[in-house]
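Data first, discussion second: the structure below is written as structure tokens.
We count residues from 1, following the sequence as given. Counting starts at 1 for both ligands and their atoms, in listed order.
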Amino acid sequence: MAAEYRVLINGELCESATRETMDVINPANGRIVGQAPKCTELEVDRAAEAAWKAAPGWAETSPTERAEIFFRMANLLRKHRQEWARLETMQYGGPIFKTLNFDMRFDAEHFEFMAGVGRAVTGATLPVGPQAMSMTIRQPLGVVGLITPWNFPLVTAISKITPALMMGNTAVVKPPSCAPLTVLKLGELAVEAGFPPGVLNIVTGLGSSVGEALVRHPYVSKINFTGDSETGKRILALASAAVKPVACELGGKNAFIVLPDADMEPTIEGAIWGGFFNSGQNCGASSRYLIHESVYDQFVEKFVAAARMLRVGDPSNPETMIGPVAYKGHRDNIERFVERAKESGARLLLGGERPNTPETRDGYFVAPTIFGDCDPKSELMQEEVFGPVVGLTKFRTPEEAVQIANDSRFGLCASIWTRDIRQGLVMAKQLKVGTVWLNQHLSIVFECPWGGCKESGHSKENSIMVLDEYSMMKNVWIDLVGTPSTPWQGRFQGGNRLDAL
Ligand code: NAD
């Protein structure tokens with residue numbers, strides 16, 4: 001019997017009213033890992049109401065009190081690190097080296113980081129003259145709805161939950177249907193760590209029912225969404241009916257630009273990491289490589305040789321670098337991208353076929369796949385594949401590289417590989433993306449803001465700036481003299497206002 005998990009509503013771990021469940025499948029072998037409640041609008045309504053009732057009390061707690069609970073959460077996450085990393089690996093296929101050393105570390109540290117920066121929030125005083133004082137204060141929004149994807153199931157949820165709660169909001173979280181189990185486990189920890197009932201609520205179910213009900217719910221003041229650009233557009237449209245703000249972190253098609261003077265060894269290492277970490281299922285993955293023509297052949301030879309060495313297989317083996325992709329439909333979709341790329345005339349340099357070893361036979365695996373000589377306007381170079389499939393093309397000048405990189409509907413991130421930092425900075429300013437790395441790819445840390453432009457979204461995650469996404473800036477004006485401070489104000493006093501005008 002597969003383990004059954006519970007949602008968290010008003011401090012209680014419960015089933016859905018219909019008792020229906022969704023199977024969560026291990027993509028490495030097709031077996032059931034666990035069952036999550038298949039909630040409906042009813043649970044969204046209960047969760048939103050609980051969050052709404054808890055909001056005034058939580059907003060009154062001090063940042064220090066919130067931080068104490070956050071530190072307890074971090075300690076509990078560390079205590080369960082091994083077990084949770086295994087569960088994360090089983091539910092979506094991320095290799096254990098990643099879920100244990102990266103995800104679980106980030107999960108605990110995120111609580112600690114936000115416990116710190118959330119206590120350092122400041123406002124401003126504004127220059128309004130000697131007769132008054134004006135200041136800005138940051139206030140919670142109320143109930144926020146947090147909708148998250150499967151590619152970093154727990155990390156993404158925690159990166160939204162921590163700033164939301166630290167700023168005094170309450171939250172309803174909707175994790176992805178195919179990989180909700182670690183977020184449901186987080187609900188159990190939230191009870192143990194002592195969050196008051198209703199402050200954090202977690203509901204699972206389909207995006208089309210539970211996700212949309214959360215977006216539409218009148219008690220929810222703001223949605224923070226990470227996921228596919230098309231889903232983001234749908235949520236923005238739904239929320240616009242109530243003029244509800246939506247913070248969006250969406251897809252990417254990120255350029256990896258290699259200049260002629262790049263130091264080749266670290267560049268190849270960065271290219272492997274950028275393209276294939278987490279089987280390429282990263283919004284920030286380097287999925288199109290723009291290589292200067294003078295080093296193109298050298299890059300191709302070394303890149304293909306390095307990618308050939310990546311161990312593809314059982315993600316619970318610490319040696320595995322490439323696990324399965326998250327679910328069967330996603331694998332099938334990636335394979336269709338590969339077939340169309342072959343038909344488009346791009347040169348297949350590596351992979352392109354389903355791996356077939358005893359370890360991969362029953363799962364949803366895609367071999368690391370590299371296409372060369374790609375047309376920058378082709379589907380492979382324009383659309384997000386979200387798998388271990390990348391395309392290469394040549395450029396002649398830095399201006400041409402920038403032009404190719406910017407010719408995209410996405411604008412999430414890019415990297416430039418060069419020893420000429422001045423040239424790199426010139427290009428960094430010209431690239432229409434939210435993050436540019438020089439001689440790095442995929443360094444996403446708490447300290448730095450993360451988020452894109454164009455169809456990659458418009459909000460920020462991480463850093464102290466994320467706190468702006470979860471609070472409202474209020475302006476407070478204080479009259480200091482008790483007499484009129486504007487030329488027309490006195491004319492209203494004691495008389496008919498319209499007459500005075
Ligand atoms: P998705 O859009 O299919 O699903 C994301 C979440 O939205 C899930 O919880 C899903 O159930 C929910 N959802 C789906 N339809 C909905 C609807 N109509 N209304 C409300 N909620 C709905 O995305 P995914 O496949 O889970 O994740 C992969 C995508 O996420 C990729 O495009 C990737 O680039 C993007 N992503 C972006 C970032 C970033 O920071 N920019 C980070 C991670 C992932």
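Considering only non-hydrogen atoms, atom 15 (N) of ligand 1 lies nearest to T231 out of L250, T231, V183. When D228, N254, L146, L412 are checked for heavy-atom proximity to atom 23 (O) of ligand 1, D228 turns out nearest. Atom 10 (C) of ligand 1 has its nearest heavy-atom neighbour, among H330, K174, E249, E461, in K174. Summarising the contacts of atom 22 (C) of ligand 1 with G207, S459, P153, G232, the nearest heavy atom is found in G207. Looking at G227, A179, G251, it is G227 that brings a heavy atom closest to atom 35 (C) of ligand 1.
Only the side chain of N151 comes within 4.0 Å of ligand 1, counting heavy atoms alone; its backbone N, CA, C and O stay farther away. Proximity of F152 to ligand 1, defined as any heavy-atom pair under 4.0 Å, is not found for any part of the residue.
Of the protein's non-hydrogen atoms, the one nearest atom 28 (C) of ligand 1 is F386 CE2, 3.6 Å. Protein heavy atom nearest atom 32 (O) of ligand 1, with residue, atom name and distance: E384 OE1, 2.7 Å. Scanning the protein heavy atoms around atom 42 (C) of ligand 1, the nearest turns out to be C283 SG, 3.0 Å. At the shortest separation from atom 12 (C) of ligand 1 among protein heavy atoms lies I147 CG2, 3.7 Å. For atom 27 (O) of ligand 1, the nearest non-hydrogen atom of the protein is P149 CB, 3.3 Å. Looking from atom 40 (O) of ligand 1 to the surrounding protein, the closest heavy atom is W450 NE1, 3.0 Å.
Considering K454, K432, K377, K253 in turn, K377 is the only one that fulfils the salt bridge (charged side-chain N to carboxylate O under 4.0 Å, His left out) rule with D407.
For ligand 1, the atoms closer than 4.0 angstrom to any heavy atom of R234 are 18 (N). Counting the atoms of ligand 1 from 1 in the order shown, those under 4.0 Å from a heavy atom of W150 are 24 (P), 25 (O), 26 (O), 27 (O). For ligand 1, the atoms sitting less than 4.0 Å from at least one non-hydrogen atom of F225 are 2 (O), 5 (C), 6 (C), 7 (O), numbered in the order shown with element in parentheses. Residue P175 approaches ligand 1 through these ligand atoms, each under 4.0 Å from one of its heavy atoms: 9 (O). Of all atoms in ligand 1, listed by their number and element, those nearer than 4.0 Å to a heavy atom of T148 are 5 (C), 6 (C), 8 (C), 9 (O). Listed by number with element, the atoms of ligand 1 under 4.0 angstrom from any heavy atom of E212 are 17 (C), 18 (N), 19 (N), 20 (C).
Between F386 and W150, the ring centre distance stays below 6.0 Å. The aromatic ring centroids of F446 and H110 lie less than 6.0 Å from each other. For F303 and Y289, the distance between ring centers is under 6.0 angstrom.
Side-chain contact between F225 and L236 is absent, with no heavy-atom pair separated by less than 4.5 Å.
Checked by atom type, the side-chain pair W417/S415 shows a donor-acceptor distance below 3.5 Å. S159 and E461 form a side-chain donor-acceptor contact under 3.5 Å, judged by distance and modelled atom types alone. With 3.5 Å as the limit, one finds a donor-acceptor pair spanning the side chains of E43 and T40. For the 3.5 Å distance criterion, the side chains of N224 and Y470 qualify, holding a donor opposite an acceptor. Inspection of the E88 and T182 side chains reveals an N or O donor paired with an N or O acceptor under 3.5 Å.
At least one heavy atom of P176 sits closer than 4.0 Å to an atom of ligand 1.
Ring orientation note: the planes of F102 and F277 are nearly perpendicular, at an angle over 60° on the 30°/60° scale.
Figure legend: cation-pi geometry between K98 and F152, with NZ or CZ positioned under 6.0 Å from the six-membered ring centre and within 45° of its axis.
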